[in-house]
Amino acid sequence: MAGRRDGSLMRDKGQSLRGSRIALAILTGVLLGCVFAFLFPHGFFSSDPPIQHRRLDKSGLQVASSSCESQERINMLKSDIASLLDKNAEFEKRIKDLTERLRRAEQGKDNAQKQFLVLGENHKAGPFGTVKGLRTNPTVIPDESVNPRLAKILEEVAVQKEIIVALANSNVQSMLEVWFNSIKKVGIPNYLVIALDDNIESLCKSNGVPVYKRDPDEGVDSIGKTGGNHAVSGLKFRILREFLQLGYSVLLSDVDIVYLQNPFHYIYRDSDVESMSDGHNNMTAYGFNDVSDEPAMGWARYAHTMRIWVYNSGFFYMPTLPSIELLDRVAGRLSRESKSWDQAVFNEELFFPSHPGYDGLHAPVKFL
Ligand SMILES: *[C@@H]1O[C@H](CO)[C@@H](O)[C@H](O)[C@H]1NC(C)=O
């Protein structure tokens, strides 16, 4: 055969070349056909092959419909896509949840180890740099009898025994709406509005916002109904006590706050109080040494002062027994001193050291 082909080549080179090109083209076609048959055994447009090979967006569907696909198939595809997206969202949620639980577990382990170092049998001090005092006091043992109705609500709404709490009366309604809409947008499930009047209660109910209205016989309600922002601010220290007694950690939030992320991802859970600072940079928020200078004093001209911008009592997290002590101290002083501002009292109770005739709180605190 080779001889014959050689012969024909000799006879008419041009014609034979054309012939072999055609043969090559046919061969290529056949090969390509095989390859595609192998890669796409059900054709290009059938509904069975793995969906992730396709474009999942609307435009992809339009392309499919222009290539003569039946409406039924498109609907099937759409529902396939919808269910895949659903599953995807579910997986993402579960992964987020697991990551969060892992982080909490590690945080807990770390705290437990630190406490063990302090509370363990061995009271001799360890090597340099290993000795640590207690940062967190024991959490509260829940006592449901304090307020069974609130206990029931918290059981439904709180996540891992933590909850964002805000107090509101009708004077702050417009702020409250911005507040809960931002929380809903971020998708934070564990928050509760303490309604101080009927209007706020029904506003929350009609917006699907978890709400708790105190019983009318609970003493402080006249402040709650008519008080402005500051008066209501003072009330919160009394009301928060019940949450802690019921065994919940509270992230208290005033209503003039907008949420962009879930704050519980940024709580350390290693201090009695974690709070927002009024400071505007690292120095003012975390503290600095402010030296006052009196040249006339000669070699003793310098006096060092420790300065720190105050805690903002509109956004703080508290989980433990000393937190209740702090709340009681603040609420007690606010009821005795009618002119005091709650944020000032809150900070004085946190920061002033013990001195003759005064027993300081000494709660470990952390600026967020
Ligand atoms: C402020 O402090 C934080 C936390 O310690 C640090 O990460 C950051 O770099 C500091 N920023 C400046 C401007 O020093």
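Source: prediction; values computed, not measured. Hydrogens, waters and symmetry mates are skipped; everything else that's a heavy atom, side chains included, is used. Atoms within each ligand, like the ligands themselves, are counted from 1 in listed order.
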### Task
Considering only NZ, NE, NH1 and NH2 on the basic side and carboxylate oxygens on the acidic side, decide whether Asp328 and Arg238 come within less than 4.0 Å.
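No, no charged N to carboxylate O under 4.0 Å.
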
### Query
When you look at OH of Tyr358, are more than 12 heavy atoms from neighbouring residues, nucleotides or ligands closer to it than 6.0 Å?
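Yes, OH of Tyr358 has more than 12 neighbouring heavy atoms, counting only those of other groups under 6.0 Å.
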
### Query
Is the NZ or CZ atom of Lys185 positioned over Tyr259's six-membered ring, under 6.0 angstrom from the centre and within 45° of the axis?
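The answer is no, since Lys185 fails at least one limit relative to Tyr259.
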
### Query
Would you say ligand 1 has an N or O under 3.5 Å from any N or O of Asn282?
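Between Asn282 and ligand 1 (N or O atoms, distance only) the closest approach is under 3.5 Å.
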
### Query
Less than 4.0 Å between atom 7 (O) of ligand 1 and some protein heavy atom, yes or no?
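Neighbour list for atom 7 (O) of ligand 1 is empty of protein heavy atoms (cut-off 4.0 Å).
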
### Message
I'd like to check which ligand 1 atoms, numbered from 1 as shown, lie under 4.0 Å from a non-hydrogen atom of Tyr286.
### Response
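Selected atoms, number and element: 2 (O).
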
### Query
Strictly under 6.0 Å, is that where the ring centroids of Phe237 and Phe346 end up?
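Yes, ring centres under 6.0 Å apart.
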
